[in-house]
Amino acid sequence: MNVLGYEWRLREVMAAAGMFSTTKLIPLLKERGITLSTSQVYRLAAEKPERLNMHVLVALMDILDCTADDLVRRVALGAAATHSEATATDGGPEPSGTSVLREKNLRPKRAQIQP
């Protein structure tokens with residue numbers, strides 16, 4: 001039996017759209033009738049959600065001009081391997097979106113503090 005999982009790609013899609021701050025999503029979501037706190041929006045982007053309101057998903061697709069397939073990618077976890085077993089054997093997965101951001105060089109430049 002092949003166990004399926006998913007990868008949440010909101011940060012990658014945001015970066016591809018030139019949006020590097022989760023706080024920029026707050027007013028855009030509010031325009032679409034979705035009111036989320038700063039911490040809720042941060043968790044939505046930084047963590048893989050177990051449940052997602054369909055109105056929020058549709059609002060994200062509208063804001064980022066993307067599809068659900070762009071935001072959620074199906075991944076095979078292997079035959080009966082649990083997530084903890086898979087990460088323990090290979091040192092753990094790279095954080096979601098890190099490799100794509102590195103490949104596309106979409107990371108924001110580090111700020112330089114000048115006197």
Side-chain angles (χ1 to χ4, degrees):
M1 180 170 88
N2 196 14
V3 179
L4 292 177
Y6 65 96
E7 180 181 58
W8 181 238
R9 303 181 62 230
L10 178 58
R11 286 298 271 235
E12 292 175 52
V13 175
M14 286 175 61
M19 189 181 302
F20 297 98
S21 173
T22 58
T23 57
K24 291 186 179 186
L25 277 177
I26 295 170
L28 298 171
L29 287 166
K30 193 171 209 89
E31 288 173 8
R32 290 156 179 85
I34 308 292
T35 304
L36 297 175
S37 69
T38 303
S39 62
Q40 287 173 315
V41 173
Y42 175 80
R43 283 193 313 269
L44 180 64
E47 299 172 8
K48 183 169 92 169
E50 292 297 320
R51 292 181 304 274
L52 183 62
N53 182 302
M54 292 303 289
H55 293 286
V56 173
L57 178 62
V58 171
L60 290 171
M61 292 186 318
D62 184 53
I63 292 165
L64 298 167
D65 192 29
C66 66
T67 66
D69 286 344
D70 296 325
L71 292 171
V72 182
R73 178 182 295 157
R74 178 181 56 195
V75 293
L77 298 177
T82 65
H83 186 268
S84 59
E85 290 173 357
T87 58
T89 57
D90 62 4
E94 198 169 48
S96 178
T98 304
S99 61
V100 172
L101 292 177
R102 202 175 301 122
E103 289 172 19
K104 294 183 180 181
N105 197 23
L106 293 175
R107 291 212 175 258
K109 293 184 180 175
R110 186 173 292 247
Q112 298 285 328
I113 299 175
Q114 299 177 351

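Note: Leu10 CG to Glu12 CD = 9.5 Å, rounded to the nearest 0.5 Å. From Glu31, atom CD reaches atom CG of Asp62 across 9.5 Å, with rounding to the nearest 0.5 Å. To the nearest 0.5 Å, atoms CE (Met14) and CG (Leu25) are separated by 4.0 Å. Between the CG atom in Leu60 and the CG atom in Leu29 there is a gap of 5.5 Å [rounded to 0.5 Å].
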message = Quick one, Arg32 with Val58, criterion side chain to side chain contact (heavy atoms under 4.5 Å, CB included). Give me CA distance, side-chain angles, the key distance, then yes/no.
response = CA-CA 9 Å; Arg32 290 156 179 85; Val58 171; over 6 Å; no

task = Apply side chain to side chain contact (heavy atoms under 4.5 Å, CB included) to Thr23 and Val41, showing your working.
result = CA-CA 7 Å; Thr23 57; Val41 173; over 6 Å; no

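No continuous path of ILVMFWY side-chain contacts below 4.5 Å connects Tyr6 to Leu4, so the two sit in separate hydrophobic clusters. Using a 4.5 Å cut-off between side-chain heavy atoms of Ile, Leu, Val, Met, Phe, Trp and Tyr, with links allowed through other members, Ile34 and Tyr42 fall into different hydrophobic clusters.
Of all the heavy atoms in Asp69 and Arg9, the pair that sits closest is O-NH1, 4.3 Å. Closest non-hydrogen pair, Ile26 versus Leu36, comes out as CG2-O, 4.1 Å. Closest approach of Ala45 and Thr22 over heavy atoms only: CB-CG2, 3.5 Å. Met61 approaches Leu71 most closely through the heavy-atom pair CG-CD1, 4.0 Å.
Trp8 contributes no side-chain N or O that, together with a main-chain N or O of Glu50, makes up a donor-acceptor pair within less than 3.5 Å.
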